[in-house]
Chemist: 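Provided herewith is a single structure, encoded as structure tokens, for subsequent inquiry.
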Amino acid sequence: AGGTAEGAIIGAAVGGAAGAIIGNQMDKKAEELDKELENAEVERVGEGIKITFDGGLLFDFDSAALRDRARTNLREFATRMQDFEDTRILVVGHTDAKGAADYNRDLSERRADAAAAFLMEQGVAADRIVSVGRGETEPVATNETEAGRQKNRRVEVAIYANEEYRERVQAQTQGR
């Protein structure tokens with residue numbers, strides 16, 4: 001299984017010696033983020049990092065307005081990303097399957113946009129951030145129970161090396 005966040009990370013992979021260098025840096029950053037971010041699951045994926053923020057902690061039901069706790073988590077995340085400038089950040093919004101698919105896709109887009117806008121307000125450069133909404137198309141649990149639906153209401157963040165950095169590391173490892 002996998003989704004948009006994992007796909008972005010895997011799509012940015014370079015492999016070989018360059019991938020090992022980038023992966024090592026991601027290991028260190030993932031460890032730091034795991035210690036610092038409350039209410040978030042931090043995972044290493046390929047040559048990147050995937051962070052899942054629980055949507056129930058980020059937003060009220062049927063809302064794209066960030067809660068105070070969400071602002072605290074995203075503020076801490078933005079601070080931790082200031083010294084990690086050679087990366088791209090993909091913010092992916094998800095919903096459960098209650099309601100119309102078109103509405104859910106729109107809601108997930110608004111949630112991803114709200115999180116991305118807040119990161120930019122905290123000083124993360126806009127050209128580093130992309131936001132997308134996936135609606136109900138990438139569930140991580142059943143939509144048949146409230147507990148499952150809650151898990152599906154989430155925002156994921158993918159962090160991966162930007163194109164320039166990947167090229168720079170590849171050139172260094174090839175002795176150019």
Chemist: Does one hydrophobic cluster hold both Leu107 and Val132, with members joined at side-chain heavy-atom distances below 4.5 Å?
Modeler: no

Chemist: Might you point out which heavy atoms bring Val14 and Gly19 nearest each other, and give the distance in Å?
Modeler: CG2-N, 3.5 Å

Chemist: Would you call Arg105-Asp102 a salt bridge at under 4.0 Å N-O?
Modeler: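 Here Arg105 pairs with Asp102 in a salt bridge, since their nearest N and O are under 4.0 Å apart.
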
Chemist: If we only count heavy atoms from C-beta on, is the Met81 to Arg128 side-chain gap below 4.5 Å?
Modeler: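 Yes, their side chains come closer than 4.5 Å.
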
Chemist: Under 4.5 Å between side-chain heavy atoms, counting indirect links through other Ile/Leu/Val/Met/Phe/Trp/Tyr residues: same cluster for Val45 and Val130 or not?
Modeler: yes

Chemist: Quick check: do Thr52 and Lys50 have side-chain heavy atoms less than 4.5 Å from each other?
Modeler: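 They are in contact (side-chain heavy atoms under 4.5 Å apart), so the answer is yes.
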
Chemist: Are Phe84 and Met26 close enough that some pair of their side-chain heavy atoms sits under 4.5 Å apart?
Modeler: yes

Chemist: Around atom CD of Glu36, are there more than 12 heavy atoms from other residues, nucleotides or ligands closer than 6.0 Å?
Modeler: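 Yes.
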
Chemist: Indicate yes or no: does Arg168 engage Asp86 in a salt bridge with an N to O separation below 4.0 Å.
Modeler: yes

Chemist: Please tell me if the side chains of Glu136 and Asn143 come closer than 4.5 Å, counting only heavy atoms from C-beta onward.
Modeler: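 They are not in side-chain contact.
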
Chemist: Under the criterion side-chain contact (heavy atoms from CB on, under 4.5 Å), which of Val124, Asn162, Ile51 is the partner of Ile89?
Modeler: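 Answer after filtering Val124, Asn162, Ile51: Val124.
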
Chemist: Who are the salt bridge (charged side-chain N to carboxylate O under 4.0 Å, His left out) partners of Lys29, not counting sequence neighbours?
Modeler: Glu32, Asp83

Chemist: Applying the 4.5 Å side-chain criterion to the ILVMFWY set and letting contacts propagate, would Val157 and Ile10 be lumped into a single cluster?
Modeler: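 Looking at the clustering, Ile10 is in a separate group from Val157.
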
Chemist: How far apart are the closest heavy atoms of Leu90 and Ala5, and which atoms are they?
Modeler: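 Minimum heavy-atom contact is CD2-CA, 4.3 Å.
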
Chemist: Is any NZ, NE, NH1 or NH2 atom of the basic residue among Glu164 and Arg166 found under 4.0 Å from an Asp or Glu carboxylate oxygen of the other?
Modeler: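 Salt bridge absent between Glu164 and Arg166.
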
Chemist: Can you tell me how far CZ of Arg44 sits from CD1 of Ile159, rounded to the nearest 0.5 angstrom?
Modeler: 10.5 Å

Chemist: Any side-chain to backbone donor/acceptor pair from Glu6 onto Gly3? Under 3.5 Å, distance only.
Modeler: yes

Chemist: Taking all heavy atoms of Ser108 and all of Gly93, pick out the closest pair and write down the distance.
Modeler: CB-O, 3.4 Å

Chemist: Out of curiosity, Tyr165 OH to Gln170 CD, how far, rounded to the nearest 0.5 Å?
Modeler: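 Tyr165 OH to Gln170 CD: 11.5 Å, rounded to 0.5 Å.
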
Chemist: Against Thr4, only a single residue in Glu156, His94, Arg134 fulfils side-chain hydrogen bond (donor to acceptor under 3.5 Å, both in side chains); can you say which?
Modeler: Arg134

Chemist: Does the side chain of Tyr160 come within less than 4.5 Å of Ile49's, by heavy atoms?
Modeler: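 Ile49 does not reach Tyr160 side chain to side chain.
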
Chemist: Please determine if Arg153 and Glu146 form a salt bridge, counting it only when a charged side-chain N lies under 4.0 Å from a carboxylate O.
Modeler: yes

Chemist: Does Gln122 have any side-chain contact (heavy atoms from CB on, under 4.5 Å) partners at least two apart in sequence or in another chain, and if so, which?
Modeler: Arg75, Ala78, Phe118

Chemist: If you define the side chain from C-beta out and look only at heavy atoms, does anything of Glu76 sit under 4.5 Å from Thr72?
Modeler: no

Chemist: Heavy atoms, side chains only, cut-off 4.5 Å: are Ile21 and Asn24 in contact?
Modeler: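 They are not in contact (no side-chain heavy atoms under 4.5 Å apart), so the answer is no.
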
Chemist: Looking only at non-hydrogen atoms, find the nearest pair between Asn104 and Asp96 and report the distance.
Modeler: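 Between these two residues, the closest heavy atoms are ND2-O, 3.2 Å.
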
Chemist: Tell me whether Val92 is reachable from Phe53 by hopping between hydrophobic residues (I, L, V, M, F, W, Y) whose side-chain heavy atoms are closer than 4.5 Å.
Modeler: no

Chemist: To the nearest 0.5 Å, what is the distance between CG on Asp106 and CZ on Arg111?
Modeler: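 One finds 11.0 Å between CG of Asp106 and CZ of Arg111.
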
Chemist: With a 4.5 Å heavy-atom cut-off, do Leu119 and Leu74 have their side chains touching?
Modeler: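 Of all side-chain heavy-atom pairs linking Leu74 with Leu119, at least one is under 4.5 Å.
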
Chemist: Which pair of non-hydrogen atoms, one from Asn73 and one from Leu37, has the smallest distance, and what is that distance?
Modeler: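 Taking every non-hydrogen atom into account, O-CD2, 3.7 Å.
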
Chemist: Output all residues satisfying side-chain contact (heavy atoms from CB on, under 4.5 Å) with Ala17, sequence neighbours left out; order by chain, then residue number.
Modeler: Thr173

Chemist: Can you name the nearest heavy-atom pair linking Ser131 to Asp113, along with the distance?
Modeler: OG-OD1, 2.5 Å

